[in-house]
Amino acid sequence: MENPAELLRRVFGHEGFRGLQAGIVAHVMEGGSGLVLMPTGGGKSLCYQVPALCLPGLAVVVSPLIALMEDQVAALRQQGVAAAALHSDLDEDERFEIRRAMAREELRILYVSPERLLMDGMLENLSRRRISLFAIDEAHCVSQWGHHFRPEYRNLTALAERFPGVPRLALTATADERTVEDIRHQLALQDAPVFRGGFDRPNIFIAAEPREQERAQLRAFIKRASDGRGAGIIYCATRRKTEDTAAWLKLEGHDSMAFHAGMESSAKRESHRRFARGDAVIMCATIAFGMGIDRPDVRWVAHTDLPKSPESWYQEIGRAGRDGLPAQALLLYGAGDIALGRHRIQESPAAEEQKRIERSRLEAMVAIAESATCRRRALLRCFGEDLEQDCGACDACATPPKLWNGTIPAQKLISAVLRTGQRFGLGHIIDVLRGRMTDKVAQHGHDQLPTFGVGKDLPDPTWRGVARQLVAQGALDVAVENHGELLPTEQARPILKGEAQVMLRADLVSAKASANRESNAPVSGTDPVFDALRYWRREEARNQGVPAYVIFQDRTLAEIAYRKPRSLDSLADVPGVGASKLEKYGDAVLEVLQEAGA
Ligand code: ADP
Ligand code: ZN
């Protein structure tokens, strides 16, 4: 039996295990089952792929999405591993081929959808063979608590009964306690250990801004986050917005596409494919786009609306920078989103207990968005992790927002809302405060109010910031189901009476800041050797019809460009270059280096 660390080096080209990987691998090698909780990009796949290749027999990996399986299989084959994926998209012949490879004991890792695993006597077939382990990927699909519930996952309980001696390793990026308990219960893992990886993803720079001019903000963000390279994802709240945003980006000259649950499954698959394979692609999607994004080189993730919990936000932004290279996340949100989230929970038919949980998650999300101090600390606290110090890689750390005493503006705003009869949205309230004689103001005689013009001293965006923060703090509500009228709550009373102080954060909107920055920023130089390698990789990937990163990841190419090896031996020392890839691509890479004059 090969030693796991050696296999890791030989097959995957990695120098060593990361974090909990070594312990998990050793545990499985000894026949143990368990549950692995690691953030996206934490390195879950190796936890089962390494034991699968060290132990004799066939490893079976249950995975919920075809695209995910196929990309994993493509990546494994590049490393010289006999892997296959069995799912409903295959025709009769392809399925037959896989069964034959199984019968001949040629296959080492089989990815299978939960439906397929439980169909056509598959379990029967497996019970006649030597099975090294079962891995259950995206294990949170077993739980009704999340939004990825897959009823077929429930039947996986059968594995424990039918294969009592075979290790079962469940893996997920969800850390929510309830879901964790559900997984352990459903997959009969109550007595097995839970491996909790650290949740911090320090390479992702996180930022949040009020949504002032969405498109200008997105444009500036895309520019600073990707520099025209690398893939990105924009999460939108509605299907319509995914399509509108994708269309707009096309006009801006980007390779963009939309993805949402309402699309035909063939269109979804096509979108997935394009995203997996494209170079600087942008996916505009609802949160239905998630599982199955295997690309390690997503450089940025933006949200145009407030997510409903820190858990979902973190999972979504966690899709950026899985390769460990710098990545960026930007959250845009407004007062309306906060109110809408609250109203949705209020009106939902869910049980009170469930609503209470959802409410507390939403409020935690609001607090992160509105935080004036390190955002990552606030975020990780939601996962039970305490950072020893501020992260230095969030907008609040980079540019600490100034706090100011906003009690008087808050009073003015609340009083304008009350005096206009709680029947108007923020736009009109700001007109009144700033003393603008609009038709609406004239029509309602609001120029006669004592509050008319008392807010001339502050610009519109500041007033919007005051209103949003009052909504976030619970002193104002927005009638989102109506016309967005502002409504003071009980908590507005002590503010009006001067019994409560209101501390506000000065908002920073980076679109304008970066517009200034653009003009005097030096054009960042690019490395011609790295570019030559990328060009070669793109052609190679196209010829083989696989995603570029399964050939070599950016990180590996960057390292090759830096080291400029002149022999196969020194190329083999570069992390990410395993034996199989060395054999396949070694000569070609050396040639590219030579041509590029390296
Ligand atoms: P997850 O499934 O947890 O989201 P992956 O298994 O896809 O994460 O791993 C994320 C990235 O980290 C991949 O690009 C993988 O190659 C890399 N990686 C994982 N483990 C190691 C390791 N021990 N050494 C170097 N790179 C690793
Ligand atoms: Zn920070």
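As the structure lists them, so they are numbered: ligands from 1, and atoms in each ligand from 1.
- The two residues V142 and F149 make their nearest non-hydrogen contact at O-CE1, 3.6 Å.
- Side-chain contact check for M365 versus L331: some heavy-atom pair is nearer than 4.5 Å.
- Residues V180 and R196 share a closest heavy-atom pair of CG1-NH2, 4.4 Å.
- Those atoms of ligand 1 with a heavy atom of Q553 less than 4.0 angstrom away are 13 (C), 14 (O), 16 (O).
- Within the protein, the number of N, O or S atoms lying under 2.8 Å from the Zn ion (ligand 2) is 4.
- Closest protein heavy atom to atom 24 (N) of ligand 1: H14 CG, 3.5 Å.
- Note that the NE2 atom of H140 and the OG1 atom of T179 stand 8.5 Å from one another [nearest 0.5 Å].
- Every heavy atom of C47 sits 4.0 Å or more from the atoms of ligand 1.
- The protein atom (non-hydrogen) at minimum distance from atom 6 (O) of ligand 1 is S45 OG, 2.7 Å.
- At least one heavy atom of P39 sits closer than 4.0 Å to an atom of ligand 1.
- Checked against a 6.0 Å centroid threshold, the rings of Y562 and F530 do not count as neighbours.
- Ring pair W300/F221 is perpendicular by interplanar angle, where above 60° counts as perpendicular and below 30° as parallel.
- Ligand-side atoms of ligand 1 in range of F17: 23 (N), range being under 4.0 angstrom from any heavy atom.
- Under 4.0 angstrom from ligand 1, there are no non-hydrogen atoms of M38.
- Side-chain contact between I66 and S88: present, with at least one pair of heavy atoms (C-beta onward) separated by less than 4.5 Å.
- Protein heavy atom closest to atom 21 (C) of ligand 1, with residue, atom name and distance, is L46 CD1, 3.7 Å.
- A salt bridge does not link D573 to R563: none of the charged side-chain nitrogens sits closer than 4.0 Å to a carboxylate oxygen.
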